[in-house]
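Atoms within each ligand, like the ligands themselves, are counted from 1 in listed order.
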Amino acid sequence: MTADLVRPELPLRPELAGIAPYGAPHLHVPTVLNVNENPYAPSAEVVADIAAAVAEAATGLNRYPDRDFRALRADLAAYLLVESGVGLAPEQVWAANGSNEVMLHILQAFGGPGRTALSFAPTYSMYPEYARDTSTAWVTGRREEDFGLDPDVAVATIERHAPSVVLLASPNNPTGTALPARTVLAVLDAAARVPGGCVVVVDEAYGEFRRTGTPSALELLADHPHLAVSRTMSKAFGLAGARVGYLAASTAFVDALTVVRLPYHLSAVTQATARAALRHAPELMAQVGSLRDERDALVTWLRDRGLTVADSDANFVLFGVFDDRHAIWQGLLDRGVLIREVGPDGWLRVSVGTPQETQAFKDALVEVACLES
Ligand SMILES: *Cc1c(COP(=O)(O)O)cnc(C)c1O
């Protein structure tokens, strides 16, 4: 009988055939500087506050959570007011399990078959995956030699492709480049002229690390209902493990996202965790200040040794240019330092760690690339 069994075929979507799941290599080495995490674990006070908040939430876990997470949205709006000086109503804030899910909601609401999402390369490698998973066409325009975006090139690219969604990472990953307000304004203006409409998402996952004088696109929200500014608690807040991302936009924009989210997508435990961490924003932001200083010092150190380094407004640095970047990457790994082989050919990206981790990176690089110590 078994000989007659038909082996069922799995009807995998053809565009997913042979694709490996996304993810940086997860290796156990002493110095992990490859995924732009905050190197500082939550302090004992933050841990205690989160634990108490989660215990409180646990008493009600027989019930579904507040599916509109109103208290968390109010807390996030209050945080953004302090961080960027921009006042928002809680209804203008949206959150999900990481800004990755926020982006997916955006593509589900505004992308889809027959529509196009556009970004400017090199940029975050997850964007094409959100497009693929929502059957949205994906196109990229180009950034300049210095990884900036020429407003005329951006406008012409938008006019050519008439996308429904434009994604701008600022500060950009993997380059660290922040966009000036006039570039974002040119993109917003071109998007407003796309027939059928186009939303612009400024992904500020690294926004808190921007240098003094670099603006946040939050300042542009009031005049642009087709703009969303996305943030995350994964980087500056040191809460990558909690999975909390959020965005600010017009209420019409946010209302569209409520349609596509799964019911109760943000657990009561997640909501409690995020709110407890937000109560500690001032101390966490002081830590961001020291990471910024470490970043600037690392840029100077690399440049002093003759390397090319992209200006960075983020908690990582893109540097090069190596004939054989893989050999450098491997040499660092052999010395217990994991960084990321990403970006244009010849470049490598290193996250800003603790002073000890940064020193381990420098020591290893001096050996591997034969630099002056
Ligand atoms: C790290 C990162 C994110 C954050 O992702 P989460 O899902 O919030 O952890 C978003 N955008 C960019 C460009 C990033 O590098």
Gap separating the CG atom of L188 from the CD1 atom of I158, nearest 0.5 angstrom: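 Here the rounded value is 8.5 Å.
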
Pairwise distance CD(E101) to OG1(T232) - rounded to 0.5 angstrom: 12.0 Å

For ligand 1, note which part of [X] has a heavy atom under 4.0 Å away: side chain, backbone, both or neither.
| X | result |
| --- | --- |
| R243 | side chain |
| A205 | side chain |
| K235 | side chain |
| D203 | side chain |

Contact check, side chains of T258 and W94, non-hydrogen atoms, under 4.5 Å: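 Side chain of T258 against side chain of W94, heavy atoms only: contact under 4.5 Å found.
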
Side-chain touch T270/R243, heavy atoms, less than 4.5 angstrom: no

Numbered atoms of ligand 1 (with element) below 4.0 Å of S234, judged on heavy atoms: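 So the atoms of ligand 1 that pass are 6 (P), 8 (O), 9 (O).
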
Ligand-residue contact atoms, ligand 1 with N100, heavy atoms, under 4.0 Å: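 So the atoms of ligand 1 that pass are 5 (O), 6 (P), 7 (O).
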
Mutual orientation of the aromatic rings belonging to H265 and H105 [parallel < 30°, tilted 30-60°, perpendicular > 60°]: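 Aromatic pair H265/H105 classed perpendicular.
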
Protein heavy atom at shortest distance from atom 10 (C) of ligand 1: S99 OG, 3.3 Å

Shortest protein contact, atom 15 (O) of ligand 1 (heavy atom only): Y206 OH, 2.6 Å

Backbone or side-chain N or O of N97 under 3.5 Å from ligand 1 N or O: no

Ring centres under 6.0 angstrom apart (F319, F361):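 Centroid separation for F319 and F361: below 6.0 Å.
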
Proximity of F209 and F316 rings by center, below 6.0 Å: no

